[in-house]
Structure formats: structure tokens, C-alpha cells
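Worksheet: the structure to be examined is printed underneath.
Order of the sequence lines fixes the chain letters, A, B, ..., with proteins taken first and strands second; residue numbering starts at 1 for each chain.
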Amino acid sequence: MKVVLPDSSELELPDGATGLDAARAIGPKLAEQAVLVRSNGDLRDLRLPLQNGEQIQILTTRDKHDPDALYVLRHSAAHLLAEAARRLYPGTKVAIGPPIENGFYYDFEFPEPIGEEALERLEEEIRREIAEGREWERREVDRDEARRYFEEEGEPYKVELVDTADGSLSFYKQGDFVDLCRGPHLQNSKPIKAVKLLSLAGAYWRGDETKPQLTRVYGTAFYDPKDLEEYLHRLEEAKRRDHRRLAKDLALVDFSELAPGMPFWHPRGMVIWNVLEDLRRRENAKRGYHEIRTPQLYDSDLWRTSGHWDKFRENMFTLEAEGHEYGLKPMNCPGHCVLYGQTPHSYRELPRRLAEAGNLHRNELSGTLHGLLRVRHFVQDDAHIYCTPEQVEDEVLGCLDFAFYLYELLGLDVRAELSTRPENRLGTDEEWDKAEEALAAALERQGLAYRVSEGEGIFYGPKIDMHMSDSLGRSWQISTIQLDFQMPARFGLTYQGDDNAEHTPVMIHRALLGSLERFIGIYLEHTGGDLPLFLAPEQVRVLPVSDPYRADAESLADDLRVHGFRASVDEREETLGRRIRDAELYKIPYVVVWGERESLDALALRRRRGEQVTVSWEALLSELQSAAKV
RNA sequence: GCCGACGUAGCUCAGCUGGUAGAGCACUUCACUCGUAAUGAAGGGGUCCCCGGUUCGAGUCCGGGCGUCGGCUCCA
């Protein structure tokens, strides 16, 4: 048989040859350094046979930054961790330990709870294993043998995996540790030049809250110690972009133990908020939305009608007055439905687009709160569109167009996701077919690449979501466009059709920036706090070089304010260098120094990131004007 | 909510085996009147997260609670 190498040359091999055989046929060095065979994107263990005619690439320790090569390395490192855990903490039961982005983890049930100091012990043991040397042996096993083995070893989680796995099973053995594993793995532990265990966490077995909670040990590994250093360095860097840090340092937002998960917006933060609010209002008006305002607190009857009392009560803040139960609204839609139902509607006035940036409260689990990205009190740039079934596709397209107008304005890249019918749902399959088709059609018409998340839709309809990542690469939902066939019916909403009969409208829920809190948080991480001019809380700061120039500086700032800019003067009796530094730390886009030289006729204009330019006053104004345009 | 860690001045942090709390930055005052990222000096500032316990004595040890961080679950 023969295989095709990356340079298109062909390699003759005996039938049944493995990846390792192929490597040996090419050269002993390659065979020694080989870690993995890649064939058409498939990762295959070196010990497995190749197929006649297939194209293969042999990855080696020199592919130290290749994600697939790292994947194998980390997978093997996870096995070393399991071996270490079993040796150091006898009686430990092992669950699963896959490689993940940037590292690996392994889930264990320890006989006694372990603390963070265990990480060092485990790491030390792994290093000892590597120093000693480990070889991985692969062996196909049948189900009975595998089950028997793990039963004897007292590994109930592995037994469960044997029973639920499909396809053929294999064992990987290194040292005295045998794991049920599909592979692929390294030949031996030599390439693992750097391992670090990073953190400890609880994780439910199979991700199921009702099952026992295991202890998850997170770690990472590299082919090169330098890469580990760099990785740890990058984590440090990411911390500097953390919106919680920036929000505090830039005096935008703060928190208090007295209101967990509920931000305090300081004046500078409020400027950003208001600019986004103005943008929202202006664009909504342009696009045929009507602004409304609905109550904050509703009788529980409303939540019973909407279905939230059953499905969402745990997450609602409730209270009681005069024997009535009330719930603080976690979303605007039920209120909007009440408002829609307060007047009769003709098909001629649909679509009816109702917008409200209402204050929402959700009693999120304490452990899930996360700065501005996951809060208990928030405001969405929310709107609900009531329309006929025929209008759905165009309306969704309108929402997408609106959303992408915003992304472009803000310089954002988002990932689109279409979530389809969940198992637990209301409505008929025909309704779902139509709804999913309408969303997909709108996505195609917008020319958007999107991922389909099967079964991730909401019980009342499918949705399109847009996601962005934070500084550590964690994904957060920003926009959502949801179809809803259920709530209008539950509220008995109607419109009169051209057939003179009453029909139930379709409802589209849409929030484009999502929650303003989350949006501002993630946008701070996205920009590292260097906001575009139109969002900067303070756009220009004028620094008089010394006392005699103060009056001039004041009138310059006045002039800028007349032109609509947020400008101030730093009048403190500090050195110029100090005042420049402070302005830079606040990430103020334009810093204007005013002294003798400028008073003659030019301006020294200093921008952040050290860029310093001298321009005329008129040139500065027009530069500001074009940069501030939204 | 669950697992682990953490909580000391506005911020970043030090504070040993229990003996009555400290630094840098920030802030205030004074001097300097300044040319593109920190002028100098002096001063003020603490419920050591909260409640309880052990102890002659608790920031320090123990128990409970709250909050924060990293995960898990959840995210209509």
C-alpha cells in the first residue's frame, strides 16, 4: 500500500503499516519526534494503521504551536495527572480528563477533599513521572474485559463510561495507570517539557447537577517551557484588560456588597451609557419603532399568564403587599403584551414595533455573577415586534440590518448562532419548521455565516444570537432575535386581518446591544478602555502650561463645549508631566497643551499611545468633528 | 446554589509561632509656575468584611454568615 505525504510524494509501505511505520520509513529522527498523524483533519494515533492511498501528515515535537500537536500533548499530560492523583491519594476514583483549549483537566473523586496545596504536590509528582519516563501503550479491548478491569480497580465512573460508550474500546497504559481512552497519545512523555496545574474546581459528573460533584483539576502543558511562560504572561495581560479593572480605574462603574450584582454607575460611566441610549433612541426612531414605558412590578397573575411563574420564578425577585404577590420584571415582554392588548389592532398597522429600555431584575445564582457581564439588575435595548406570519422574515432581516449597523459603528466582530427547537417546547412541528426557515432565510439574505445550535432554542421559539468573547476568550451573548408564537396567544393578542377575522400576531423579541451593562463591559475589554471618541466620557482635556495660560485654556474648553464636545481643563497646580500622565491614564483621546507657543498660532495636540502631533486649532476642530460622528 | 481560593486605608499589597496595624500610589496642606507619562516636604486617613466562640489578650485560631475571584450548573 502507499500513502501520500504533504509534498505530494508517495510512500510505499507494507499492508497494515502504522503512522509510526511511515515515520520510520522516512527517517529515524522523524520516528523519534513523531507525536501524531493527521489525515484530512482527522487526528490519529501513531500506533494505528494507515489506509491505502490516504494523504497523511506526521506531526512532530517541532510542531510545538500546532493546536492538534498540543492537543495530543495535553491529553497525555492529563493521563499523567490521573496517574499522579491515584498514587498520591490512594482511593481516588478517576472520571474523565480531556484536553481543552489552552490546556486540559481531569475530574476526580478524592477520598478526602483536597485544597489548593495539592496542586503543587500533584505537579511535583507529574514532573517526577516525566523525569522517570513514561511510554504509552495502546490496546483494543472488548467491553466485558474493560468493564471487568474497572470493576476490579474500583472505578465506577469508568464502568459507566464503558457501558455508555459506543464503538470499539481501547486502553492506554502508562506506568501503572490504565485509562479507557480513544487517544491519540504521545509515544512517551519526553516531549512534555512544561506542565502547570492551574486551578481546582467542582464539576458535576457528566455535567448533571443531580449527579455527584467531582473535583476538577485544571492544568496546561507545552512542548517548550518558553511557551508556558508566554501563556502565563498572556493571562496577566488579559487581567489588565479585565473590564472590572478598567471600570474601576477609569471611574466608570463600581459595586457594593450591599447590592451584589447591581452596578453603581459613576458620572463617567453614565456618559457612555447615555451615548448608547441616545444612539438607541435615534436609530429606533429612524427604523419605525415606538418608545413605550411599562411598569416595573406586576401582580403574579401576569407572570402566570406569561408562563414565567412556572418556568422562571426561582430567578425572580418577588414581594408581597396587601396580601398580593408581586414580581419585579425579569423581562419586558409580558408588559408589552399587556400594552399591545390595550388597543385594537388592524393588519394595516402591523408590524408594530415597541421599544423600551426597561430596568430588569433577575435573581441570578450568586456563583454566576461576573462584573458587568452577568448582573442582577440590568437594562436591555429591548423591543418587541408584533407582526403577521408573512412579515416575520423581513422583520428579522430588519433586526439583523440594525444589529450590523451597530457592530460596524463600534468595530465589532460577532459570531452568529441559530438555535433550533428544543426538546421541551410549545407549538406544532409545522410552526417550528416555518419559524426556523424564516430565521435561516433572513440570515442568508443578510449574507451571514452562522453556526446552528440544535435544540438550543427557547421553549416558545427559535432564535438568532450574536456572541462576543471577553479578554480570556469566554463567550458572551450580546444580541438576540427570538421568534415567539406562544406569548401572543397566551395573552389573547389579536389583529383584525383583511378577511375581517381575528388573527394572532407573531412576536419577535430583540435586543441588539443586549444588556447595556454587559455590552459596556465586553466593549471595554474589546477596546482595552481606549474607547472611540464618540463614547469617551471625556473627549478633550486642555492643559495650560502654567498659570498665565489658564484663562485661555478655559475659553478653549468652552469653545469645544459649544461645539458639542466633552472638554475640560486640568487646572491643578501639578507639573505638566504629571497632568499629561493622568490624562493618559484616564485614556482621554485628545490632550491639548496650551502655552506660549500655542498662543502664537499652532496647537500641540497630544493623543494617547504617545502619538504627538502639532496642528492648527481649525484642523483640530474638524478632526474632532469627523471622529465624533456616529 | 455547588467545589476551591480569597477578603487589612480609595487602589495595590505587607503584617512570623496570638501581644493592640504598616508601605507605595491616591487624598489634603505648603513650597515650586512648570513644555509632552510621576517636583519636593509635611499631614490626614482603618468596624483588619460581619456575627459569635476560644484566650489575660484575636487582623492572626475555631464556627456561622456575607461578598469577591476561578470553575461547574444555570442563562427563559
* To do: Would you mind classifying the nucleic acid contact of A/Pro330 as base, sugar-phosphate or nothing, using non-hydrogen atoms under 4.0 angstrom?
  => base
* Candidate list A/Leu560, A/Val542, A/Leu533, test side-chain contact (heavy atoms from CB on, under 4.5 Å), partner A/Tyr590, passing option -> A/Leu533
* Distance between the C1' atoms of B/rC32 and B/rC69, in whole angstroms? -> 45 Å
Between the protein and nucleotides 68-70 of chain B, are there any N/O to N/O pairs under 3.5 Å, and if so, what are the atom names and distances?
unit_1	atom_1	unit_2	atom_2	d
B/rC69	OP1	A/Arg244	NH1	3.0
B/rG70	OP1	A/Arg244	NH2	2.8
B/rG70	OP2	A/Arg244	NH1	3.3
B/rG70	OP2	A/His370	ND1	3.3
B/rG70	N2	A/Leu200	O	2.9

* Where along nucleotides 5-11 of chain B does protein come under 4.0 Å, by heavy atom, of base (B) or sugar-phosphate alone (S), with - for untouched nucleotides? -> S-B---S
* To do: Give A/Glu314 one of three labels, base, sugar-phosphate or nothing, depending on what nucleic acid heavy atoms sit under 4.0 Å from its own.
  => nothing
* **Donor/acceptor link under 3.5 angstrom from A/Tyr204 side chain onto base of B/rG1** => yes
* **Which residues share a ring-ring contact (aromatic ring centres under 6.0 Å, His included) with A/Phe317, sequence neighbours left out** => none
* Not counting sequence neighbours, which residues clear ring-ring contact (aromatic ring centres under 6.0 Å, His included) with A/His377? List them please. => A/His361
* Please state how far atom CZ in A/Arg216 lies from atom P in B/rU73, giving the value in whole angstrom units. => 7 Å
* To do: Would you classify A/Tyr218 as touching base, sugar-phosphate or nothing, given that sugar-phosphate means primed atoms plus P, OP1 and OP2, and contacts are heavy atoms under 4.0 Å?
  => sugar-phosphate
* Asked: Ring centres of A/His79 and A/Phe104 under 6.0 Å apart?
  -> no
* **Paired nucleotide for B/rA5 [Watson-Crick or G-U wobble; both distances under 3.5 Å]** => B/rU68
* Within the structure shown, what part of the strands sits under 4.0 Å from A/Gly307 by heavy-atom distance: base, sugar-phosphate, or nothing? -> nothing
* To do: Using the P atom on both, measure B/rG15 against B/rA31 and round to a whole Å.
  => 40 Å
* To do: Could you give the distance separating B/rG65 and B/rG1 at their P atoms, to the nearest angstrom?
  => 10 Å
* May I ask you to say what A/Glu598 touches in the nucleic acid, namely base, sugar-phosphate or nothing, with a heavy-atom cut-off under 4.0 Å? => base
* Checking ring pair (Phe, Tyr, Trp, His ring centres under 6.0 Å) for the pair A/His336/A/Phe491: CA distance, chi angles, key distance, verdict? -> CA-CA 10 Å; A/His336 287 193; A/Phe491 278 91; over 10 Å; no
* Rounded to the nearest Å, what distance is computed from the CD atom of residue A/Glu109 to the C1' atom of nucleotide B/rC72? -> 16 Å
Pairwise N/O distances under 3.5 Å, protein to nucleotides 27-32 of chain B:
unit_1	atom_1	unit_2	atom_2	d
B/rC32	N4	A/Glu573	OE1	3.3

* Of all residues at least two apart in sequence or in a different chain, which pass the ring-ring contact (aromatic ring centres under 6.0 Å, His included) check with A/Phe108? -> A/Tyr106, A/Phe110
* **Span that lies between the P atom of B/rG7 and that of B/rC11, in whole angstrom** => 14 Å
* To do: Would you mind pulling out the nucleotide paired to B/rC48, Watson-Crick or G-U wobble, both distances under 3.5 Å?
  => none
* Asked: Expressed in angstrom and rounded to an integer, what is the separation of A/Lys211 atom NZ from B/rG1 atom P?
  -> 24 Å
* Just how far, in rounded Å, is P of B/rC34 from CH2 of A/Trp594? -> 18 Å
* Asked: Counting only distance, no hydrogens or angles, is the base of B/rC74 paired donor-acceptor with the side chain of A/Arg374 under 3.5 Å?
  -> yes
* Structure fact -> B/rG24 -> Watson-Crick or G-U wobble partner, both distances under 3.5 Å, gives B/rC11
* Asked: Quick one: A/Arg541 CZ to B/rA37 C1', roughly how many Å, whole number?
  -> 13 Å
* Indicate, with yes or no, if the rings of A/Tyr231 and A/Phe222 have centres closer together than 6.0 Å. => yes
* Asked: When the P atoms of B/rU17 and B/rU60 are considered, how many whole Å apart are they?
  -> 14 Å
* Structure fact -> When both distances are under 3.5 Å in a Watson-Crick or G-U wobble arrangement, the nucleotide paired with B/rC74 is none
* Pair assignment for B/rU54, Watson-Crick or G-U wobble, requiring both distances under 3.5 Å -> none
* In whole angstrom, what separates A/Glu112's CD from B/rG4's P? -> 12 Å
* Measure the distance from CH2 on A/Trp205 to C1' on B/rC3 and round it to the nearest whole Å. => 17 Å
* If we call it a pair only when both distances are under 3.5 Å in a Watson-Crick or G-U wobble match, what pairs with B/rU60? -> none
* Now, which nucleotide makes the Watson-Crick or G-U wobble pair with B/rG40, with each of the two distances under 3.5 Å? -> B/rC30
